[in-house]
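Below, chain A is the first sequence line, B the second, and so on; all start at residue 1. Everything quoted here is computed from the prediction, not taken from an experiment.
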Amino acid sequence: METIEKLRILSGSARYDASCASSGSTRSGGKGSLGNASSGGICHSWSDDGRCISLLKVLLSNDCRYDCAYCVNRSSNRIPRASFTVEELVDLTVKFYRRNYIEGLFLSSAVMHGPDETMGRMVSVVRKLRREERFFGYIHMKVIPGCSDELLREAGLYADRLSVNIELPSQASLNLLAPQKDKQSILKPMAFLGNAIGESARERRKNRKAPRFSPAGQSTQMIIGASPESDYQILRLSEGLYRKMSLKRVYYSAYVPVNEDRRLPALRTPPLLREHRLYQADWLLRLYGFTAEEILSEEYPQLDEQLDPKAAWALRHPEYFPVDVNRAEYAALLRIPGVGVTSARRIVSARRFAPLTPEGLKKVGVVMKRARYFITCSGRPVERLIDRPALVRGRLLLADGATVSPSSQQRQLSLPGL
Amino acid sequence: MNIYLYDGSTEGLFSAIDHVLRHEPDPSAVVLGRREPGLFEEGVVLTTDRERADVLVRRFSSAFPRNAREVMYALFSEKEEIATVLLHYIHMVARHGGQVGAHLTHPVVNEVHLLACKVARELNRMKGLLRFAMLEDGSYLAKMEPDYNIIQPLSSFFTRRLGAQEWFIYDVGRGLVSRWDGSTLQYGALESFHAPALAPEEQEVRRCWKTFFSHIAIPERKNERLQKSCMPMKYWKYLVEKE
Ligand code: SF4
């Protein structure tokens, strides 16, 4: 089979993977080496579904011996099968990179004969790239659950980021939909990577020459909407992964019905809005100092589809507001709807020169049509409505509907997967 | 209000700023403009002193690196009245220190900051969207038509990224070209341009990239609006995947 034909099949099989992030690692070689990884992450294109293309995202093979219900590549599907040779994939990566099509390689694979054999071949690809081609671009590698520790260790020396897919948010769903996988085979490599990443970071603080191990950390992803877990369960799981496994990112991937299967829900369209709200809630966990319990609870287990989770939280907690933008601490500013990480930081620096007015807030990037209900400027309220949450909710929805709603999808998806 | 005119070059601008800072009691009241030859001109015409310009840029950059970056980026925007704004900005920073760059509600700081942001955004986009094609002789050529004059920071980015290959970056609209031969970077202007012949492998690599591009999208999630808002159509002209 020709390389281009394999590329057609193996990019098509990789497209359901959520992440294409290329951030969090800097790497550069000496003279004669190819490329560098830049810490901010760079998008090289946007595909027809509006997602950022940063990496050459392909499977090494789609010839799977497992039979996960939700997956196009499952063994019971009659689809064309293909596998790259090591040389083919290395060659493609280098040619694309030299033309600035990509930031690097995102390598995943179906389970061919067994986990070790598959992972071994994936490691051969990245070893050849790093050692023979002296390639310093970004490499993200998926871990095949069940592979040996030696392979994990070697993969970590070459990859910028490793990830083990958690696939589904509970053991029960795994049993039902991915019977050949189990929680242990997923959590074990995660814990192994967590230790190795931490250890290498400690070593490198002592000695700059110590080898790096997956310097951009590890991430994971799960499929949303193929199984019955609530948003609350999902966020608790993510929170645990961030805290206990020190993951860099959890990716959520709206379930796209690709197979007919009685075990799967009948969805007409992928739950994109739900995925979007989960990403927003995830940002609150990682960057805004929220806990899963603050965002949802047993009584309110689902995210509000109409309102973003921060605004929803704010409306349930009128006692917290108004926050005075000229006095409040950074952490308190972050809780105001319409204020982001950047604008909160700018508020803190700008108010040293002069107190901020509603006009000034706009200049530093605060979204006033959201923030106005929750703030005062040096004691002066902008809008006295905070004790009437129902009214504020209506206004927020109106403001969203007018301009934000169609593009609210965009805000999350256009991020280069930071 | 005092009006000064300079020759329109970057050195001219910094030499003029240097002059005003040293001779004017209140630089914030000075207007600095580009001299338009042949026009009836109002204002003091300054001659360019390259050395002075150099010293100012070096001192300012080492004392206030972050502010200097904003100044350079704002300058790349090539906006009409940029000279006066930069004069006032540099004056403010020299007087109050680099932190004044965070005083975003001040009109001068705000304007410099916004312009610098716009330029930085296009620069970041271009780092991803620039496409190189392999030529017959094994070197690479990338063409672009950016809104702002970003060829300098963009080229220096690619000296690090694609340092082991020879390449050219060509700003078609401005007729500017940069050339990297594997060890030094040079800039020049281009009067006429002959499309050079492509390497034999080029068409095949492009076909591969187009194949990848069309199969990596999830058909069930098709969203052209989102695609266009992330990747405005003005950049499509030189994109292999959109040709
Ligand atoms: S292991 Fe499961 S999810 Fe992975 S490729 Fe095979 S069938 Fe698909």
Novice: Out of A/Leu7, A/Val125, A/Thr3, which one pairs with A/Glu88 under the side chain to side chain contact (heavy atoms under 4.5 Å, CB included) rule?
Specialist: A/Thr3
Novice: Measure from the side-chain N and O atoms of B/Trp167 to the backbone N and O of B/Met134, and report whether any donor-acceptor pair falls under 3.5 Å.
Specialist: no
Novice: Where does B/Leu162 contact chain A at under 4.5 Å (heavy atoms): side chain, backbone, both or neither?
Specialist: side chain
Novice: With A/Arg98 as the cation and A/Phe96 as the aromatic partner, state whether NZ or CZ is under 6.0 Å from the six-membered ring centre and within 45° of the axis.
Specialist: no
Novice: Please state whether the side chain, the backbone, both or neither of B/Tyr140 comes within less than 4.5 Å of a heavy atom of chain A.
Specialist: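 For B/Tyr140, the side chain is the part near chain A, not the backbone.
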Novice: Testing B/Lys143, B/Arg131, B/Lys210 for salt bridge (charged side-chain N to carboxylate O under 4.0 Å, His left out) with B/Glu243, which one passes?
Specialist: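 Exactly one pass, corresponding to B/Lys210.
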Novice: Is the side chain of B/His215 donor-acceptor paired with the backbone N or O of A/Ser11 at a distance under 3.5 Å, no angle test?
Specialist: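 Not at all, since once roles are kept as given, no pair shorter than 3.5 Å links the two residues.
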Novice: What part of B/Phe158 is in contact with chain A, defined as an atom under 4.5 angstrom from a non-hydrogen atom: side chain, backbone, both or neither?
Specialist: side chain
Novice: Give, as side chain, backbone, both or neither, the part of B/Val240 having an atom under 4.5 angstrom from any heavy atom of chain A.
Specialist: side chain
Novice: So what's closer than 4.5 Å to chain A heavy atoms on B/Glu241: side chain, backbone, both or neither?
Specialist: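 B/Glu241 touches chain A through side-chain heavy atoms alone.
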Novice: Tell me if the NZ atom of A/Lys362 is crowded by more than 12 foreign heavy atoms within 6.0 Å.
Specialist: no
Novice: Measuring heavy-atom distances to chain A, does B/Lys228 have an atom under 4.5 Å in its side chain, in its backbone, in both, or in neither?
Specialist: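 No part of it gets close to chain A.
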Novice: So what's closer than 4.5 Å to chain B heavy atoms on A/Ser28: side chain, backbone, both or neither?
Specialist: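 Neither part.
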Novice: Can you tell which part of B/His113 gets under 4.5 Å to a heavy atom of chain A, answering side chain, backbone, both or neither?
Specialist: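 The side chain, not the backbone.
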